[in-house]
Amino acid sequence: MMAAISPKHSLQAELDKITELLAVLKQEQQDLVAADIEHLTALTPHKSALVNAMADLAAGRHRALADAGFPALEAGMESWLQAQHDDAANLLWQRLLDQTREAKELNRLNGILINKHLGHTQGALQALRPQQTTVYGPSGLTTGGSTRRGFIAG
C-alpha cells in the first residue's frame with residue numbers, strides 16, 4: 001500500500017510557481033506602463049499556464065489535507081500545520097501566503113492600469129467616430145443633418 005502524500009509535499013513547488021508568477025506580473029506591469037502590447041500579449045499564455053499549475057498544486061494539497069482528516073481548504077492547512085509542529089512546513093506556508101498576497105495586489109494594480117488604457121482607447125475611438133447632428137427644417141421635421149468628425153489634438 002502506498003503512503004499518503006503529505007500536504008507539505010507541494011508547498012515548495014507552489015512557492016516556486018508563485019515566485020515565477022510574481023516575476024510575470026511585474027513584467028506585465030512594466031509592459032502596461034510602457035504600453036508594450038506585443039510583449040504584454042506574449043506574457044498572457046505564460047501567466048495562464050502558471051495560474052493553472054498553481055491551481056493543480058493547490059488541489060493536490062487539498063486532497064492530501066482531506067486524506068489526513070483536515071478540511072480541504074486553506075484553514076485546513078493552518079490546522080494541519082498546528083498539529084504537525086513542522087517549522088520548515090510552516091515557514092514555506094507563510095512565504096506562500098505572503099507571496100500570494102503580493103501577487104493579488106500586483107494583479108489588482110495591473111487591472112487598474114488595463115482599465116486606464118481601455119478608457120483612453122475608448123475615448124480616442126469615440127473622438128474618431130462621426131457624430132450626427134440633428135437639423136430641423138422649416139416644417140419642424142428633421143432633415144439629413146451634417147456629419148462632423150471629432151478632432152484629436154496632441
Side-chain angles (χ1 to χ4, degrees), residues 1-132 147-154:
M1 185 172 158
M2 220 169 95
I5 293 175
S6 167
K8 178 183 175 180
H9 178 76
S10 71
L11 287 179
Q12 186 61 56
E14 288 182 79
L15 189 57
D16 292 345
K17 292 293 179 195
I18 193 71
T19 300
E20 192 176 347
L21 180 63
L22 276 169
V24 169
L25 289 170
K26 288 174 185 174
Q27 182 61 55
E28 179 181 61
Q29 191 170 78
Q30 290 174 2
D31 292 346
L32 285 165
V33 169
D36 186 346
I37 303 306
E38 284 185 37
H39 195 257
L40 189 61
T41 303
L43 280 179
T44 302
H46 184 56
K47 184 170 88 167
S48 295
L50 285 170
V51 169
N52 289 337
M54 289 172 52
D56 290 344
L57 288 167
R61 180 171 36 82
H62 289 164
R63 282 190 300 277
L65 283 168
D67 290 347
F70 292 87
L73 39 97
E74 308 320 322
M77 189 66 184
E78 297 287 340
S79 299
W80 182 84
L81 284 166
Q82 287 176 355
Q84 300 307 303
H85 305 291
D86 182 337
D87 291 340
N90 195 36
L91 180 62
L92 283 171
W93 178 246
Q94 292 310 312
R95 287 180 58 208
L96 180 60
L97 291 177
D98 290 344
Q99 289 198 358
T100 300
R101 281 189 285 275
E102 186 179 348
K104 284 180 180 179
E105 179 61 12
L106 265 173
N107 194 54
R108 186 187 72 78
L109 292 172
N110 289 356
I112 290 170
L113 288 171
I114 289 167
N115 285 332
K116 282 188 174 199
H117 280 290
L118 282 174
H120 290 307
T121 301
Q122 288 170 343
L125 287 172
Q126 186 62 34
L128 293 172
R129 286 192 182 111
Q131 301 193 4
Q132 246 351 63
T147 301
R148 64 177 181 82
R149 288 204 168 259
F151 178 72
I152 300 176

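Just so we're clear, the structure is a prediction, and the values are computed from it rather than from any experiment.
When all heavy atoms of L11 and A89 are compared, the closest pair comes out as CD1-O, 3.7 Å. Among all heavy-atom pairs drawn from L73 and L65, the shortest one is O-CD1, 3.6 Å. Residues A72 and A66 come closest through the heavy atom pair CB-CB, 4.1 Å.
Distance check: L81 CG to M77 CE gives 4.5 Å after rounding to the nearest 0.5 Å. The CD1 atom of I18 sits 10.0 Å away from atom CG of L97, with the distance rounded to the nearest 0.5 Å. Rounding to the nearest 0.5 angstrom, the gap separating the CD atom in Q29 from the CG atom in L40 is 11.5 Å. Taken to the nearest 0.5 Å, the CD atom of Q84 stands 11.0 Å off from the OG atom of S79. Taking NZ of K17 as the reference point, atom CG of L96 lies at 13.5 Å (rounded to 0.5 Å).
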Please assess E20 against H46 for the test side-chain contact (heavy atoms from CB on, under 4.5 Å), listing each intermediate value before the final yes or no. CA-CA 10 Å; E20 192 176 347; H46 184 56; 3.1 Å; yes
Please assess K47 against L43 for the test side-chain contact (heavy atoms from CB on, under 4.5 Å), listing each intermediate value before the final yes or no. CA-CA 6 Å; K47 184 170 88 167; L43 280 179; 5.7 Å; no
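Q30 and H39 are not linked by any side-chain donor-acceptor pair at a separation below 3.5 angstrom, with hydrogens and angles left out of the test. Under 3.5 Å, the side chains of Q27 and D31 contain a donor-acceptor pair of N or O atoms.
Remark: the backbone N or O of L25 is paired with a side-chain donor or acceptor of N110 at under 3.5 angstrom.
A68 is linked by a side-chain contact (heavy atoms from CB on, under 4.5 Å) to F70, W80, counting only residues two or more places apart in sequence or in another chain. With sequence neighbours excluded, no residue forms a side-chain contact (heavy atoms from CB on, under 4.5 Å) with D56.
Evaluation of the salt bridge (charged side-chain N to carboxylate O under 4.0 Å, His left out) test over residues 78-89, restricted to residues two or more places apart or in two chains, returns K8-D86.
Taking 4.5 Å as the limit, every side-chain heavy atom of V24 sits out of range of all side-chain heavy atoms of K26. Contact of the L113 side chain with the L109 side chain is not registered, since no non-hydrogen atoms from C-beta on lie closer than 4.5 Å.
Of the candidates R95, Q99, R61, E14 forms a side chain to side chain donor-acceptor pair (under 3.5 Å) with just one, namely R61. Under the side-chain contact (heavy atoms from CB on, under 4.5 Å) rule, L22 has a single partner from T100, L50, L106, N107, which is L106.
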